[in-house]
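What follows is a set of notes on a single structure, which appears directly below.
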Protein chains: 2
Amino acid sequence: MDAVFRALADPTRRQLLDNLHARNGQTLNALCAEMDMTRQAVTKHLAILEEANLVTTLRKGREKQHYLNPVPINEIAERWIGKFERHRLDALSDLKKRLERED
Amino acid sequence: MDAVFRALADPTRRQLLDNLHARNGQTLNALCAEMDMTRQAVTKHLAILEEANLVTTLRKGREKQHYLNPVPINEIAERWIGKFERHRLDALSDLKKRLERED
DNA sequence: TTAATATGCAACCATTTGGTTGCATGTCAA
DNA sequence: TTGACATGCAACCAAATGGTTGCATATTAA
């Protein structure tokens with residue numbers, strides 16, 4: 001669990017998760033294309049995400065595919081938000097989004 | 001949003017949130033009593049939690065009460081977990097907990 | 001087989017982070 | 001008013017972090 005928070009602490013790693021959320025199964029080079037840093041730096045970030053079990057990889061020949069795993073993120077919410085409180089927050093968030101859309 | 005992840009990255013700050021989750025509205029000194037570091041260090045951590053809007057404070061005379069705000073944590077889950085997927089994950093998590101309890 | 005492509009590993013460096021100590025300020029109670 | 005208590009602010013320091021460059025390995029395609 002500790003590793004999950006450490007992994008989410010960095011904006012680059014959150015962007016990687018965003019990229020995978022948008023298109024799952026991307027290869028290292030594909031992910032690098034959207035990042036403004038060296039491939040080696042991205043590799044390090046992905047290693048940290050893997051260690052936190054937020055990303056799972058699958059080797060295909062010389063390529064490596066990366067997949068987002070949402071389970072640990074769900075566990076974060078469960079740590080500090082009671083079940084009923086969570087439903088209330090979701091409802092509030094929904095309302096807020098709907099109101100914003102009306103502008 | 002950036003500040004939230006930074007705030008959650010540190011184990012001491014997560015413990016502070018746990019303490020507040022257990023008993024809300026605690027004063028600085030009360031929180032310090034459970035931590036193994038100087039008051040000044042705890043103050044810094046609380047400032048970071050406040051900046052992230054994870055903790056709200058209320059001055060009462062010479063004391064300062066601290067309250068947990070769960071809203072930003074809920075927003076984390078909403079970022080990478082689709083609404084339906086989340087219900088599925090909650091159900092899975094419930095099942096797991098129930099099975100663990102049977103041992 | 002050989003050249004190009006995809007990824008892996010390690011040493012190095014600037015900056016950030018989390019802790020300390022020391023002193024200042026503000027509020028309550030005698 | 002004065003002493004005790006609760007908190008605030010700043011300088012300083014060791015360790016962790018995020019990036020780089022350079023080189024190694026493994027797979028595909030010509």
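Keep in mind it's a predicted model, so treat the numbers as computed, not measured. First the proteins, then the strands, lettered A, B, ... as listed; each starts at 1.
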Open item on the list: Taking only side-chain N and O atoms of B:K64, does any of them lie within less than 4.0 angstrom of OP1 or OP2 on D:dG8?
Closed with: yes
- [ ] Identify whether B:L54 and B:I48 are in the same connected component of the hydrophobic contact network (ILVMFWY, side-chain heavy atoms under 4.5 Å).
- [x] no
Task: Nearest-0.5 Å distance, OG1 of residue A:T57 to CG of residue A:L49 - done: 11.5 Å
Open item on the list: For the CH2 atom of A:W80 and the CD1 atom of B:I76, what is their distance to the nearest 0.5 Å?
Closed with: 8.0 Å
Open item on the list: What is the separation between atom CD on B:Q15 and atom C1' on C:dG18, rounded to the nearest whole Å?
Closed with: 15 Å
Task: Nearest-nucleotide comparison on DNA chain D, the residue closer to the 5′ end among B:A30 and A:D10 - done: B:A30
Task: Minimum-distance nucleotide to A:I48 side chain [options: C:dT21, D:dG18, D:dT20] - done: D:dG18
TODO: Heavy atoms under 4.0 Å is the rule here; annotate nucleotides 22-27 of chain D 5' to 3' with B where the base is hit, S where only the sugar-phosphate is, and - elsewhere.
DONE: BB---B
Open item on the list: Nearest whole Å is fine: how far is D:dA6 P from B:L58 CG?
Closed with: 18 Å
Side-chain polar contacts of residues 33-46 of chain A - donor-acceptor pairs under 3.5 angstrom, sequence neighbours left out - could you list them?
{"residue": "A:T38", "atom": "OG1", "partner": "A:A41", "partner atom": "N", "Å": "3.4"}
{"residue": "A:T43", "atom": "OG1", "partner": "A:R39", "partner atom": "O", "Å": "2.9"}
{"residue": "A:H45", "atom": "ND1", "partner": "A:R13", "partner atom": "NH1", "Å": "3.0"}

Open item on the list: Whether A:R6 contacts D:dA16 is assessed here as follows: a side-chain N or O lying under 4.0 Å from the phosphate OP1 or OP2. Is that the case?
Closed with: no
Task: Rounded interatomic separation in angstrom, taking CE from A:M37 and P from D:dT17 - done: 16 Å
Task: Gap between atoms CD and C1', on A:E63 and D:dT28 respectively (whole Å) - done: 10 Å
TODO: Using whole Å, report how far CD of B:Q26 lies from P of D:dT7.
DONE: 11 Å
Open item on the list: If the cut-off is 4.0 Å, is A:T43 near the phosphate of C:dT7, judged by side-chain N/O to OP1 or OP2?
Closed with: no
Open item on the list: From NZ of B:K44 over to P of C:dT17, roughly how many Å is that when rounded to an integer?
Closed with: 11 Å
Show me the donor-acceptor pairs, under 3.5 Å and distance only, between side chains in residues 21-32 of chain A and residues at least two apart or in other chains.
{"residue": "A:N24", "atom": "OD1", "partner": "A:L68", "partner atom": "N", "Å": "3.0"}
{"residue": "A:Q26", "atom": "NE2", "partner": "A:N19", "partner atom": "O", "Å": "3.2"}
{"residue": "A:Q26", "atom": "NE2", "partner": "A:R23", "partner atom": "O", "Å": "3.0"}

Open item on the list: Without decimals, in angstroms, what is the distance between A:L31 CG and C:dG8 P?
Closed with: 12 Å
TODO: May I ask you to verify if any side-chain N or O of B:T27 is less than 4.0 angstrom from the OP1 or OP2 atom of D:dT7?
DONE: yes
Open item on the list: Just verifying a value: how many Å separate B:D90 CG and B:H87 NE2, rounded to the nearest 0.5 Å?
Closed with: 7.0 Å
Task: Salt-bridge contact A:R88-A:E85 (side-chain N to carboxylate O under 4.0 Å) - done: yes
Open item on the list: Is there a side-chain contact between A:N29 and the phosphate of C:dT7, meaning an N or O under 4.0 Å from OP1 or OP2?
Closed with: yes
Task: Gap between atoms CZ and P, on A:R14 and D:dT17 respectively (whole Å) - done: 15 Å
